[in-house]
Each structure stands twice: as structure tokens, then as C-alpha cells.
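Throughout, a chain's letter reflects where its sequence line sits, starting with A, and its residues are numbered from 1.
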Amino acid sequence: MDYNFKDIEKKWQQYWREHHTYKCDVDANRPKFYVLDMFPYPSGAGLHVGHPLGYIASDIFARYKRLKGFNVLHPMGYDAYGLPAEQYAIQTGQHPEITTNQNIARYRDQLDKLGFCYDWNREVRTCDPKYYKWTQWAFLQMFKSYYNTKLDKARPIDELVAHFEKHGTKDCNAHTTSSDEFTADEWNNMTQVQCNDVLMNYRIAYLGNTMVNWCPKLGTVLANDEVSEGVSVRGGFPVEQKMMRQWCIRVSAYAGRLLRDLENVEWTESIKETQRNWIGYSEGAEVTFPIADSDKSLLIFTTRADTIFGVTFMVLAPESMYVDEVVTSEQRAAVDAYLDEVKHKTERERMIEKKVSGVFTGSYAVNPITGKNIPIYISDYVLAGYGTGAIMAVPAHDSRDYAFAKHFNLPIIPLIEGADVSEESFDAKEGIMINSSNERLQLNGLNVKEAIARTKQYIEESGIGHVKVNYRLRDAIFSRQRYWGEPFPIYYDENNQPQPLDENELPLVLPEVDKFLPTETGEPPLGRAKNWVTADGHPLELNTMPGFAGSSAYYLRYMDPHNDEALVSHEANDYWRQVDLYVGGTEHATGHLIYSRFWNKFLYDYGYICELEPFRKLVNQGMIQGRSNFVYRIKDTNTFVSLNLKDKYDVTPIHVDVNIVDKDALDIEAFRNWRPDFENAEFILENGKYICGWAIEKMSKSMFNVVNPDDIVDRYGADTLRLYEMFLGPVEASKPWDTNGIDGVNRFLKRLWGLFFKDDTMQLTDEKPSAEALKSVHKLIKKVTGDIESFSYNTSVAAFMICVNELLSMKCRSREIYEPLVILLAPFAPHIAEELWHVLGHDTTVCDAQWPTWNEDYLKESVVNYGVSFNGKSRYTIEVPADADEEEIKRLALADAGAERWLAGKEPKKIIFVKGKLVNIVV
RNA sequence: GCGCCUGUGGCGAAAUUGGUAGACGCGCCAGACUUAGGAUCUGGUAACUCCGGUUGUGUAGGUUCGAGUCCUAUCAGGCGCACCA
């Protein structure tokens with residue numbers, strides 16, 4: 001009986017399903033372990049061979065933890081809302097739900113074939129009303145909250161209202177988008193509508209006028225992480241800046257905590273660094289510059305307070321709210337013309353041009369330290385969204401200010417000794433200050449670091465400003481003008497004021513529409529829905545939520561997926577707590593992983609959940625690239641020439657489907673049948689074969705290099721695929737897929753099978769295993785245990801191969817030996833392990849076995865080889881008894897015939913005995 | 001420009017964390033069994049070599065009895081951020 005993976009895999013997959021082998025529940029008597037994969041967006045293309053890499057790695061870990069006695073939560077679900085399904089719906093008129101369900105069915109089918117140990121009872125789909133009820137619920141909580149900067153957490157907005165009633169904005173400690181201040185009296189005299197408008201500036205989920213990334217082609221706004229280099233990440237369409245009233249989430253209030261708590265998670269340094277970059281901490285000062293001949297002033301942010309003596313002009317962002325305050329009537333026309341010009345430039349155009357532009361406002365500001373008047377300009381190199389949207393320009397020590405100053409012929413005052421600013425600015429934060437003292441502040445002679453500190457101190461003391469930390473992280477824009485997303489649980493009252501739906505009206509189910517396009521009047525697709533109103537006739541919000549809404553708390557929902565009373569019960573959350581191991585790609589570093597952490601912290605603030613961070617350990621699996629194959633057609637013929645002969649001809653390389661190529665040899669018949677124009681193809685062969693060329697490229701349909709896991713499973717079985725994907729290299733590394741090596745892994749499984757069966761007879765006996773065999777297996781136990789803990793699956797697979805080869809050459813047939821071996825193999829190749837487990841006489845699943853431990857006694861050797869080196873250069877090997885002490889080994893090393901030759905009569909200076917089974921003799 | 005990561009055979013990669021570099025697999029070479037092999041099995045496979053050895057982990061230095069591993073500089077590739085004041 002040969003190793004028949006087809007029957008075995010089918011049989012055990014069915015067994016696991018029927019026995020609910022992977023179902024898990026809260027069990028206070030057992031320690032828990034939560035292993036999670038980033039849930040996929042079910043695209044129409046299905047899985048390719050790269051997708052399961054992370055799933056296999058996490059599956060191995062989940063199975064291992066279970067064998068170690070942990071109660072393992074290992075769920076899977078679908079991030080089902082998304083653009084491709086909607087785009088497809090627009091083209092075909094088919095409801096995105098239909099496409100999505102088809103794709104999910106396909107994914108499920110593909111995943112099932114790979115033998116994962118998911119508890120499918122816990123599956124979630126973001127587009128399921130039972131699921132998105134809790135997405136909407138969380139949004140409502142955010143709507144009803146503000147961020148208290150003193151307590152550093154979210155609090156009910158009612159508490160803020162109570163504060164306003166008593167004290168106005170004084171000491172309210174609220175994170176806000178507005179700079180307006182008011183007294184209790186003013187607040188109490190406001191109308192309800194006015195109050196609501198004011199509160200909107202404080203809510204964690206708020207409706208705000210913000211500059212958004214507007215993608216005309218997609219007809220929607222996008223979050224910052226959905227835009228890259230001025231085009232949309234999905235689709236690659238141009239994105240422009242536009243002022244719009246949109247739902248936003250006050251993620252920026254959590255910037256400090258998002259940054260700080262990175263210390264406490266086990267993520268790779270590069271992902272943490274990416275997040276730190278994205279959050280963008282910078283410590284500086286806000287300083288007020290009065291406007292000359294006016295009672296108004298400009299508030300600016302700077303990290304270079306030390307350069308305040310070199311400020312020769314001020315610059316406002318074109319969108320700055322200061323613009324209208326400072327433009328003089330003489331300059332009005334020029335400013336308007338400039339603003340108009342800027343507005344019509346897309347983000348992309350601004351980036352590409354990079355040319356200096358700007359306009360004088362006509363007003364002057366007063367430098368609060370020197371008292372000098374300096375002109376105020378407007379330029380698009382200043383960003384409205386960062387700091388205060390206004391800067392003090394120090395051309396001598398900032399390259400952007402320098403370029404601007406040169407262009408407009410503004411003075412440049414060097415402030416650092418030895419800095420030559422005739423050609424370029426001196427941006428480095430080092431050197432000794434000059435030109436920086438007067439009766440108020442003396443910086444001359446200090447170094448830059450001291451000067452910054454001194455200036456900050458002065459700014460605080462003199463009241464012209466204050467020390468301030470700024471973050472680059474912006475609030476997340478939360479509205480999408482799309483159909484296929486979660487509806488907002490918001491309606492608009494008589495005054496067109498947004499109001500929250502009552503929680504018991506959730507879920508607010510996505511309505512049907514006749515088309516998935518915006519309305520004729522330009523409203524989002526939900527504008528087409530009939531009766532899209534509350535019970536008492538108020539219109540409902542027409543926007544839907546973005547993709548990250550549904551994916552931000554799904555890991556919590558898995559803990560308690562069928563609960564209709566809460567997102568997650570306290571009981572379930574207290575038990576499962578947080579994800580212990582999260583596996584997924586790096587592409588979510590600035591999106592999902594920030595939003596999830598924010599969402600988690602918000603829920604934590606209210607005590608809905610018990611952990612500060614959602615994902616304790618994060619492993620990023622690498623991307624699997626494609627390995628394309630080429631055939632070489634001789635120009636203007638239908639003749640193809642093999643790789644190593646192609647240089648003799650004038651050829652064009654043509655991508656050929658990798659599925660009709662094996663070890664770079666082309667299946668000529670299959671090629672002729674592949675496409676009609678190759679039907680009569682002729683070939684120039686080498687050694688009777690047609691050898692294809694190859695290249696590493698992205699795996700994509702157009703390169704014909706997509707390898708479908710279904711095909712591999714069909715040909716080699718899921719166990720071989722699982723082992724091979726792990727054997728390919730470290731899980732974290734990106735690497736090309738190359739089916740060529742898979743035979744080696746497949747052979748290993750066949751050999752293992754051959755240890756159990758010869759022809760149809762079971763070979764195992766009850767004889768006692770030899771010391772050699774015990775050593776081999778216990779070495780394996782030790783190695784594999786260590787490898788799994790450290791995620792080095794590739795070396796584990798190698799260790800299995802070595803062990804099986806050793807047992808094979810020992811002709812070991814002892815049943816006792818194979819018990820632990822099969823358990824070790826179970827995480828990697830669950831089907832064959834399950835089969836062999838039953839062959840060994842067990843009638844329960846191998847998933848419930850106990851992970852073996854190794855016995856050091858078996859690993860001891862009777863004779864040990866030691867290398868002997870002279871001055872670190874390896875020379876010869878000696879054999880010593882295993883129980884020899886250091887002195888004895890040194891003596892034997894010197895006594896060896898080789899030593900005489902290398903010492904050449906000299907006395908050794910010293911002899912170093914090292915753990916790596918090496919004796920080093922220094923001469 | 002700033003930050004992070006990675007450089008080891010023909011290829012994917014190992015290396016007990018400072019201790020005999022190249023485990024394991026692919027490929028290749030030779031052999032065995034076969035009517036046949038895109039099956040299976042056995043042996044070999046870093047380079048050079050006067051067969052004693054010598055040289056080898058991107059490059060150049062340094063620390064050390066000893067460096068793929070640590071330090072300094074440099075080159076190359078990948079990723080992230082990028083008018084963030």
C-alpha cells in the first residue's frame with residue numbers, strides 16, 4: 001500500500017468535521033492561547049499558493065499549543081466589505097452580497113483542503129448584520145464620548161456638558177478640533193443647535209469639515225493609509241484634496257498612548273518603527289506672534305525654538321483659518337489668485353512640481369523676542385493639517401524656508417557659528433549659537449540643544465507660548481460615499497442635526513438599492529434606497545463606513561461570536577483576553593494595526609474589555625512572489641528555441657503558463673494545446689527537452705505564474721504542501737514560489753510511510769528501541785520543540801527528514817519510537833499524522849495527544865568528537881570518552897599525533913576548552 | 001533626505017547565539033534496478049590544490065586565542081515615511 005494522501009486527507013478532514021475536533025469553549029481549568037490570522041478579503045481570484053503561508057504557520061503553532069495542553073482559540077472569518085465586490089456590482093448590476101458569498105464559498109473550500117484547525121463555529125463576516133451591529137454600536141459609543149486629556153481616556157460626552165454648564169471651556173481638558181473658548185454663561189445661553197455644533201468638535205466620532213483625500217474616479221473619500229504617492233492604493237486612481245464635511249474618528253487623541261504602548265508588544269522592530277513614523281511624535285513649542293497694527297496674533301508650532309532670532313518671515317498654509325484675518329485689501333486679489341491656483345492642484349501635482357510658490361498677505365507679524373516686524377506669506381509648502389498650519393520661517397536653518405527666502409529675496413540670518421548659508425541652509429541641530437542674544441533672551445555661546453531648552457523655558461516663563469508635543473497622526477476619515485459598507489446608526493433631525501439611533505434599533509441593516517452608483521444629484525448610493533428613514537420619518541445618514549471599521553474589533557468578536565447582548569461578554573473577554581499570536585502581512589502596518597489598537601483602547605477606556613493592546617505578539621509572514629517561465633520564439637516564426645540555444649537566434653521571450661512546465665522543462669503537448677496560435681509550434685530542443693527560461697516576478701494572472709494550492713494539493717496532498725511551504729525558508733522572509741523542490745518533501749512523507757508499511761503489511765513491532773533510535777527521536781523532540789517556539793519551521797522540517805532517514809537506515813520498527821514522532825509531526829502534516837496515529841492503535845484524535853518531552857539521558861554520547869585547533873585554525877579531530885573531564889580532553893588533544901606536528905617542539909601558551917566541542921591550543 | 005531590515009555554494013537556505021561555515025532540500029554528476037522513466041534507491045557535489053594543504057559568509061579595517069555572528073567605515077538590494085517646521 002502506497003502513501004495514498006488523497007484518501008487519507010479526505011477521510012480525516014471528514015472525521016474532524018463530524019467530531020467537531022476543533023470546537024473550543026471557555027474552560028477556566030485550562031490555560032488559553034489565542035492564535036489569529038488576519039482575516040482575508042475574499043477576492044474573486046481565490047487563494048494562490050502565497051496566501052496560506054501565514055495560515056500554515058499559525059496553524060502549526062495553534063496545533064502545537066493544543067498538544068501542549070492549552071485551550072486554543074483559532075478562528076477564521078472574512079473581511080467581506082470592500083471595493084472590488086462593489087466595482088463588480090457596478091459593472092454587472094449583481095448585488096455585491098452575491099459575489100461576496102460566492103467568493104467566501106470558494107475560499108472556504110480552498111481553506112478546508114489544507115486541513116486547518118479553525119473553529120468554524122466562530123466564523124465572522126463583517127457584512128453580516130449580526131456582526132456589524134457591534135461595529136455600529138462601537139461607533140455610537142464613540143459618538144457619545146469625548147477624550148479627556150487629563151485622565152487620558154475617553155469619557156461620556158455628558159460629563160463634558162456638565163463641565164461646560166459650570167465652567168465653560170476653562171480646564172475642560174478635552175481633546176478638540178476647535179480653538180473656540182467660551183464661559184459657562186455663554187454655553188448656557190446657547191440654543192440646542194448651537195450646543196450640538198460645539199459638542200461636535202469634541203466627540204470621538206465627529207462630523208467635521210476637513211481636508212480629505214477625494215478620489216473622483218472612485219467617487220469617494222479615502223483615509224491616509226488608503227492613499228500612496230497621490231493615488232489610491234486600490235485601483236491607482238488620482239486623489240485630490242478637497243474640503244468636505246465627513247465623519248471622522250479622533251484617533252489623534254490616542255496618539256500618545258498608541259506610541260507609548262508599542263513598548264509592550266512583541267512586534268518586529270520594523271513594524272513598530274513604521275507605526276512610530278506614522279504617529280510622528282515631535283516635541284517643540286507653540287509660540288504666539290502678534291500681528292502688527294492689530295489685536296490679532298498667529299500661533300505657530302516649532303521644534304527649533306532656538307532659531308527664533310533668525311525668523312525673517314512667517315508662512316501660512318493656504319487652507320489656514322488665519323488667511324482671511326491677515327490679508328490686506330491691496331493683496332486680496334493676488335492672494336485669491338494664488339489660493340485658486342493651489343486648489344486646482346492635486347496632491348500628486350504638488351508633489352511632482354516641488355517648485356517654490358507663494359504670495360505676500362500684506363500683513364506683518366511681530367517677533368515676540370526681537371520685536372521686529374516680519375512679513376506674513378502664504379505658501380503650499382506649509383501643511384494645514386500639521387501643527388497650527390502656520391510657521392515661523394528660519395531660512396538659514398531650514399531648507400524649505402531657505403528655498404522660499406531665495407525665491408522671494410528675503411533676508412537670511414545665520415545663527416550658528418561657522419554655518420555657511422550662502423548656498424544652502426544649515427539644517428543640522430548642532431553647533432554654537434550666534435546672533436541670538438538681546439536683553440530678553442541670551443543664547444549666544446550655547447550649543448543648539450542647550451539653546452532649545454533655554455528658549456522653551458523662556459517661552460513658558462514669559463507667556464508668549466508653551467511647550468507642546470505634536471503628532472503627525474491625523475484623525476481617521478470615516479465616511480465613504482459607497483454602498484457596500486456598514487450604514488451609520490445616525491439620522492438627521494428637523495434642524496438637520498445628526499442624532500444617534502437608539503442602541504436597541506441596531507443593527508441598522510444595509511438597504512436595497514436599484515443601482516450601486518451615486519444618485520443623479522451626486523449623493524452616495526444609499527440616496528437611492530427607498531424609505532431610508534427612521535420610524536418617525538427622519539432621514540438616515542447616506543454615507544457608509546470604511547473597510548477598517550469592520551476589521552478593527554473582529555478579534556474580540558471571535559471570543560463570543562453569537563452574543564446578541566454585547567460585542568463580547570466579560571466572561572469570554574476575561575478568559576481569552578487578547579490575541580497571543582497574530583499572523584499577517586506587513587501591508588497593514590499603518591492601517592488596520594493602528595485602527596485596531598485605537599478601537600481596543602477606546603473599548604478599554606470604558607471597561608468593555610480588559611487588555612490595553614489587541615495583539616501581544618505579531619509575526620509578519622513574507623510575500624510569496626511568482627516564478628515565471630518563458631519560451632523563446634524566433635522572430636517572425638512559430639518556432640521556439642530552448643533556453644541554452646536561444647542566443648544563436650533573434651528571439652522574443654514569451655510568458656508561458658508555469659502549470660505546463662515542470663522543472664523548467666516544457667510539456668510540449670500541453671503547450672500546443674494551451675493557445676490556438678501555438679497549435680503548430682515547432683521546437684528546437686536541447687538533449688531532447690525544451691528548457692524554459694525563468695524570472696522572479698509578482699504572482700499575477702498576466703504573467704501566467706499563479707500557482708493554485710488546489711493543484712498542488714491534488715498532485716501532492718495538503719501535508720506535502722504544508723511542509724513544503726514551511727521548508728521554503730523562514731516564515732517572515734519574502735521568497736519566490738518554486739514548485740521544483742516539492743518532490744523532496746513529498747519523498748520524505750513517502751519514506752515515513754514506508755517505515756510503517758511495506759506492501760500491505762504493517763511493519764511495526766513491539767520490540768524495544770535501540771539506544772541509537774531513541775537518541776535520534778529525542779534529538780528530534782528537542783529540536784522541533786525549540787523550533788516551533790521560535791518560529792523556525794524550516795529547520796524543523798529538515799530535522800524530520802534527518803530523523804526519518806536515520807530510522808530508515810537503522811531499520812527501526814519499534815512502535816515505541818513512532819509514538820512521539822507522529823505527535824511531533826501532527827502540527828505540520830496533520831492528515832498523515834492522524835492516519836499513523838490510528839495505525840499505532842489509538843482511537844482518539846492525535847490533536848488530543850500530549851506533546852512529548854525529551855530525555856537528556858538518551859542524547860548523551862559514549863564517545864565524543866572534539867575538534868582541535870591551533871590559534872583558532874582548525875587542524876584535526878580527536879575522539880574522547882563522553883565522561884572525560886576538561887583536563888583529560890586537553891591531555892588527549894595534546895597527546896594526539898597531530899599535535900606534535902603543529903606545535904613543532906614549542907610549548908602551548910594556553911589551552912582553551914570551548915563548549916562547541918573544540919579545544920583551541922594557543923602557541 | 002530620514003528611519004528600519006537584509007547581503008553565506010548553481011538555487012532555497014542552516015549554523016547550538018563568539019567556537020570545526022554550507023545542516024536539510026532542489027539542481028547537477030556517477031552508479032544500481034528497470035522494456036521505459038518526469039519512478040525508486042546508493043554515493044558524490046564551496047573554490048583552488050604540487051593532495052601536504054590553502055582560500056572562502058558584499059567590500060575594507062578593528063576587537064579576540066578564535067568573527068557569518070561584535071565594533072567602525074563603505075557598497076548593494078528591499079521596505080517604510082517624506083515639504084511634518
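- Applying the 90° cutoff around 0 to the glycosidic angle, G52(B) is assigned syn.
- Atom CE of M623(A) has 12 or fewer neighbouring heavy atoms from other residues, nucleotides or ligands inside a 6.0 Å radius.
- Every residue two or more places apart in sequence or in another chain that forms a salt bridge (charged side-chain N to carboxylate O under 4.0 Å, His left out) with E669(A) is listed here: R672(A).
- Taking atom P on both U63(B) and C81(B), the two are 42 Å apart, rounded to the nearest angstrom.
- The interatomic distance linking I660(A) (CD1) with G38(B) (P) rounds to 18 Å, in whole Å.
- Nucleic acid contact class of I391(A) (heavy atoms, under 4.0 Å, all strands): base.
- Checking D667(A) against Y690(A) by side-chain atom types alone, no donor-acceptor pair falls below 3.5 Å.
- Glycosidic conformation of U63(B) is anti; the angle lies outside 90° of 0.
- Both F870(A) and G280(A) sit near RNA chain B, but only F870(A) has its closest nucleotide nearer the 5' end.
- Nucleic acid contact for T302(A): sugar-phosphate only, since backbone atoms but no base atoms lie under 4.0 Å from a heavy atom of the residue.
- Taking the C1' atoms as reference points, U49(B) lies 23 Å from C28(B), given to the whole Å.
- Separation of the P atoms belonging to G43(B) and C11(B) is 25 Å when rounded to the nearest angstrom.
- At a cut-off of 3.5 Å, with distance as the only test, no side-chain donor of S425(A) or D398(A) sits close to an acceptor on the other residue.
- One finds no side-chain N or O of T274(A) lying less than 4.0 angstrom from the OP1 or OP2 phosphate oxygen of C4(B).
- Between D398(A) atom CG and G1(B) atom P the separation is 17 Å, expressed in whole Å.
- Between U45(B) and C79(B), the two P atoms lie 38 Å apart (nearest whole Å).
- A cation-pi arrangement is absent between R747(A) and W753(A), since the terminal nitrogen or guanidinium carbon is not both under 6.0 Å from the aromatic centre and inside a 45° cone about the axis.
- In this structure a side-chain-to-backbone donor-acceptor pair under 3.5 Å is missing from H588(A) to L593(A).
- For C81(B), the OP1/OP2 oxygens have no side-chain nitrogen or oxygen of R276(A) closer than 4.0 Å.
- Comparing atom distances between the R715(A) side chain and each of G38(B), C65(B), A85(B) picks out G38(B) as nearest.
- Nucleotides G12(B) and G27(B) have their C1' atoms positioned 11 Å apart, rounded to a whole Å.
- Contacts of P730(A) with the nucleic acid, taken as non-hydrogen atoms under 4.0 Å apart, involve only primed sugar atoms and P, OP1 or OP2.
- Using P as the reference atom, C70(B) and A15(B) are 14 Å apart when rounded to the nearest Å.
- Remark: the separation of the P atoms in G1(B) and U74(B) is 13 Å, to the nearest Å.
- At a cut-off of 3.5 Å, with distance as the only test, no side-chain donor of Y471(A) or S252(A) sits close to an acceptor on the other residue.
- Regarding L383(A), its CG atom lies at a distance of 14 Å from the C1' atom of C81(B), rounded to whole Å.
- Listed candidates were G66(B), A82(B), C4(B). Nearest to the side chain of R472(A) is A82(B).
- Classification of G9(B) as syn follows from a glycosidic angle within 90° of 0.
- Across all strands shown, R304(A) has heavy atoms under 4.0 Å from sugar-phosphate atoms exclusively, and none from any base.
- Taking atom NZ of K735(A) as the reference point, atom P of C5(B) lies 20 Å away to the nearest angstrom.
- A straight line from CD1 of I594(A) to P of C81(B) spans 11 Å, rounded to a whole angstrom.
- Under 3.5 Å, the side chains of N620(A) and T586(A) contain no donor-acceptor pair of N or O atoms.
- S399(A) comes within 4.0 angstrom of nothing in the nucleic acid, heavy atoms only.
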**Asked** Could you run down nucleotides 20-28 of chain B 5' to 3' and tag each one B, S or - for protein heavy-atom contact under 4.0 Å?
**Response** B--BBSSS-

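- A salt bridge does not link E283(A) with K468(A): none of the charged nitrogens is closer than 4.0 Å to a carboxylate oxygen.
- There is no side-chain donor-acceptor pair under 3.5 Å between Y3(A) and T720(A).
- In this structure, CG of N470(A) is placed 16 Å from C1' of C83(B), rounded to the nearest angstrom.
- Note on ring orientation: taking the six-membered ring where Trp is involved, the planes of H397(A) and F426(A) are perpendicular (angle over 60°, cut-offs 30° and 60°).
- Using cut-offs of 30° and 60° for the angle between ring planes, the Y876(A) and F870(A) rings count as tilted.
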**Asked** Using Watson-Crick and G-U wobble pairs whose two distances are both under 3.5 Å, how do you write the pairing of RNA chain B as dot-bracket, with | for links to another strand?
**Response** (((((((..(((......[....)))((((((.......))))))(((....)))..(((((..]....))))))))))))....

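- Atoms CD (E732(A)) and P (A13(B)) sit 12 Å apart, rounded to a whole Å.
- Nearest-nucleotide positions on RNA chain B for F301(A) and K750(A) put K750(A) closer to the 5' end.
- Straight-line distance between the P atoms of U20(B) and U69(B): roughly 14 Å, to the nearest whole Å.
- Between the CH2 atom of W737(A) and the C1' atom of A13(B) there is a distance of 16 Å, given to the nearest Å.
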